[in-house]
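Report on one structure; see the data block that follows.
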Amino acid sequence: MSADILHKMNQSMIHRGPDDGGVFVGAGIGLGHRRLSIIDLAGGRQPMSNEDGTIWVLLNGEIYNYPELRADLLQRGHVFKTKSDTEAIVHAYEEYAEGCFSKLRGMFSIALWDSRKRKLVLARDRVGKKPLFYAADRNRILFGSELKALLASGLLSREMDDEALSDYFSFGYIPAPKTIYRCVRKVMPGSYLVASADGVRESCYWDLSFSKVEQRTEAEWGERLRHELCEATRVRLMSDVPLGAFLSGGIDSSSIVAMMSHLMKSPVTTCSIGFREEKFNEADYARQVSNQFSTDHHEEVVEPNALEIVDKLAWHFDEPFADSSAIPTYYVSKIARGQVTVALGGDGGDENFAGYRRYKLDHYENRLRSHIPHALRRAVFGPLGRWYPALAWAPRVFRAKATFQSLSRSPLEGYFNSVSYFRPDDKARLFTSDFRRRINGYDSMEVFRSYYDRADTDDPLSKIQYVDIKTYLTDDILTKVDRASMAVSLEVRAPMLDHHFMECAASIPSGLKLRSGIGKYILKKALEPKLPHEILYRAKQGFAIPLDVWFRRELKDMAYEIIVAGKDEILDQRFLKKIWDQHQKNYYDRSALLWATLMFRKWQKIFCA
């Protein structure tokens with residue numbers, strides 16, 4: 001590959017690494033890297049090689065246990081030229097070959113070129129905190145941390161993957177290994193890929209097991225969780241640049257700040273955002289936690305420029321992405337970047353400890369399913385799900401329409417229905433008849449089924465936690481945080497996604513995660529010595545924005561032109577006009593569906609023009 005193409009690919013991602021850039025071109029290989037300098041500022045330049053230049057490595061992320069790895073490898077005779085965590089990967093590969101990835105504790109996407117064996121190895125961390133895309137054919141393999149880097153090569157077809165688009169309108173994201181482009185795939189989390197003259201193969205080096213459930217008292221679990229979280233936080237304080245934390249005032253971010261305050265000698269730098277709309281504002285809670293731990297707190301009230309942020313997000317995400325909490329994530333990242341280069345966050349608490357409301361609702365629905373035969377449920381609740389109004393003023397029985405629809409289905413089908421953006425009935429009307437023929441009966445629920453069936457447990461809650469960790473966590477939550485933070489060149493670390501901490505959480509009986517309708521029960525108990533009762537047991541707010549209001553005000557004119565007046569061969573304009581009118585008349589809150597459609601059309605305009 002020419003240095004010219006490498007330079008274009010590198011420049012497309014300068015926001016991910018504004019501090020430095022490097023290129024290596026050898027026989028049959030070209031490597032490019034953008035660096036956000038965190039560890040060994042002077043000596044950590046990439047691409048980096050071993051002593052004789054036969055092995056080259058690129059790292060996006062951080063290896064938190066590299067001091068221990070380095071000490072072990074020095075004892076085994078390896079010679080180090082730098083103090084960088086990247087160099088530890090080179091020598092670990094020399095020592096352990098592809099077994100080296102299971103020895104790494106961190107967040108990473110890694111590319112290794114082994115010139116002696118003429119093979120390229122691509123590896124991704126266990127839960128997919130760092131992205132890694134590739135496109136392979138018989139002649140070459142292209143890879144990069146963002147889709148736009150591959151597109152910048154000018155060597156790819158932009159043909160859309162129709163099944164991936166169908167997935168998008170169900171989930172609000174495109175699940176790995178798919179991307180929006182037919183010829184580009186994502187390396188799976190916890191896996192490595194080897195490309196050589198023999199072809200391309202992908203192997204899994206880690207998976208999360210829910211089968212090793214341990215019986216301990218609540219006090220014993222509390223002590224163990226505090227220890228594991230403290231240790232997971234400690235290893236993430238490694239930095240040669242300013243480091244701080246996101247602080248929303250919720251349980252997860254507050255617990256990380258509590259651990260940091262215990263471990264650090266100086267006050268923790270904390271950053272939060274607020275909104276003028278009280279329903280969405282958590283600033284008071286963040287302030288309360290900041291005061292308790294005497295942090296150096298930075299807070300801003302955000303009034304987003306709705307039109308500007310839509311285009312910015314569509315460009316940074318590279319493919320359709322419908323989670324509107326990317327907006328506050330972008331703004332809190334921007335505020336944090338004004339103070340620090342690295343921020344710790346609370347991602348992972350809800351997935352590990354059943355904190356989302358949907359887990360509680362799914363639990364209740366499963367209890368009802370167990371008492372009513374499936375044939376009767378389908379006969380009674382199926383028609384109710386079609387006929388029951390979902391108007392804002394309609395009385396709520398359970399979740400009314402959505403619950404009736406879910407109860408008429410199996411547990412997996414019901415869960416899929418409850419978390420879908422466009423539920424199966426609406427999705428059938430969303431697509432044109434031509435596009436429905438193109439996808440030929442493809443059902444996005446099969447994405448969930450593949451993981452649901454793979455989970456090594458019969459416990460219903462644990463099975464859907466496993467599904468969410470493999471899908472929603474990786475391709476929504478972590479994608480959102482990565483793109484929004486990297487847009488402002490901020491590194492975000494997540495102690496609750498440390499694999500040791502996750503394995504500990506997976507061994508806790510599900511009845512201690514969701515108990516008597518309380519999600520995160522055992523985590524809250526564990527944190528009672530650290531955090532105020534008001535923070536631990538207040539109602540969950542979530543990181544959200546007043547999207548429903550935006551579509552009736554700030555976004556209205558622009559969104560109408562793009563969603564309703566715009567046309568393509570994929571989406572049915574009559575159905576889009578119907579949900580637009582329903583939202584404008586306040587009959588239904590269709591803001592999530594409208595946002596998903598808007599972000600798809602914005603992607604089309606930016607990347608398909």
Side-chain angles (χ1 to χ4, degrees), residues 1-3 6 9-10 17 20-35 37-40 42-125 130 132-134 136 140-145 149 187 190-203 205-206:
M1 177 177 287
S2 73
L6 279 174
M9 294 174 72
N10 242 10
D20 195 10
V23 167
F24 166 75
V25 178
I29 189 71
L31 303 172
H33 186 263
R34 292 300 322 180
R35 187 181 184 209
S37 302
I38 306 291
I39 302 294
D40 191 3
R45 193 174 194 203
Q46 301 181 47
M48 187 177 289
S49 73
N50 61 350
E51 299 94 320
D52 61 8
T54 57
I55 297 171
W56 288 82
V57 67
L58 303 175
L59 167 66
N60 173 23
E62 301 291 344
I63 309 302
Y64 304 123
N65 66 331
Y66 89 91
E68 294 86 350
L69 269 176
R70 189 175 192 271
D72 174 66
L73 291 163
L74 283 168
Q75 280 193 332
R76 295 171 183 271
H78 293 269
V79 178
F80 283 73
K81 296 178 289 186
T82 75
K83 296 179 180 179
S84 166
D85 57 338
T86 306
E87 191 177 7
I89 300 169
V90 178
H91 297 297
Y93 176 77
E94 287 181 307
E95 187 70 29
Y96 302 110
E98 290 147 21
C100 70
F101 304 119
S102 62
K103 298 183 179 297
L104 304 181
R105 184 178 191 176
M107 58 177 185
F108 53 83
S109 59
I110 294 169
L112 276 157
W113 170 243
D114 186 336
S115 64
R116 295 167 301 186
K117 297 182 179 179
R118 307 297 296 169
K119 70 178 183 180
L120 176 73
V121 185
L122 304 178
R124 195 172 177 202
D125 66 63
K130 287 299 176 184
L132 187 50
F133 300 89
Y134 71 96
R140 67 169 72 91
I141 181 168
L142 298 173
F143 65 90
S145 292
V187 175
S191 299
Y192 63 87
L193 179 148
V194 178
S196 67
D198 297 327
V200 176
R201 62 176 171 87
E202 190 167 16
S203 303
Y205 68 86
W206 183 85

Using modelled atom types and a 3.5 Å cut-off, is there a donor and acceptor pairing between side-chain atoms of [X] and backbone atoms of [Y]?
X: Asn65; Y: Leu69; answer: no
X: Arg124; Y: Lys130; answer: yes
X: His91; Y: Val79; answer: yes
X: Asn60; Y: Phe108; answer: no

Exercise. Mind running side-chain contact (heavy atoms from CB on, under 4.5 Å) on Tyr93 and Asp114 for me, showing each step along the way?
Key: CA-CA 10 Å; Tyr93 176 77; Asp114 186 336; 2.8 Å; yes
Heavy-atom closest pair, residues [X] and [Y]:
X: Arg118; Y: Ser115; result: CD-O, 3.2 Å
X: Asp85; Y: Ile63; result: OD2-N, 3.0 Å
X: Leu73; Y: Ala88; result: CD1-O, 3.6 Å
X: Gly32; Y: Leu58; result: O-CD1, 3.5 Å
X: Ser145; Y: Phe133; result: O-CE1, 3.5 Å
X: Asp125; Y: Gly106; result: CB-O, 3.8 Å

Quiz item: Around Lys81, counting heavy atoms of other residues, nucleotides and ligands shown, do more than 12 lie under 6.0 Å from its NZ?
Solution: yes
Distance in Å, [X] [atom1] paired with [Y] [atom2], rounded so as to fall on 0.5 Å steps:
X: Met48; Y: Thr82; atom1: CE; atom2: OG1; value: 4.5 Å
X: Ser84; Y: Ile38; atom1: OG; atom2: CD1; value: 11.5 Å
X: Glu87; Y: Leu59; atom1: CD; atom2: CG; value: 12.5 Å
X: Glu94; Y: His78; atom1: CD; atom2: NE2; value: 5.5 Å
X: Thr86; Y: Glu62; atom1: OG1; atom2: CD; value: 8.0 Å

Does the side chain of [X] reach to within under 4.5 Å of the side chain of [Y], using non-hydrogen atoms?
X: Tyr205; Y: Leu104; answer: no
X: Leu112; Y: Tyr192; answer: no
X: Leu132; Y: Leu193; answer: no

Practice problem: Provide the full list of ring pair (Phe, Tyr, Trp, His ring centres under 6.0 Å) pairs with a residue in residues 44-69, sequence neighbours left out, each pair given once. | Solution: Phe24-Trp56
Quiz item: Does Lys119 have any salt bridge (Lys or Arg N to Asp or Glu O under 4.0 Å) partners at least two apart in sequence or in another chain, and if so, which?
Solution: Glu98
Practice problem: Quick one: list whatever passes side chain to side chain donor-acceptor pair (under 3.5 Å) with Arg70, sequence neighbours left out. | Solution: none
Self-check item: side-chain hydrogen bond (donor to acceptor under 3.5 Å, both in side chains) partner of Asp20, chosen from Gln46, Arg35, Arg45
Solution: Arg45
Quiz prompt | Option from Leu31, Val121, Ile89 for which side chain to side chain contact (heavy atoms under 4.5 Å, CB included) with Val57 holds | solution = Ile89
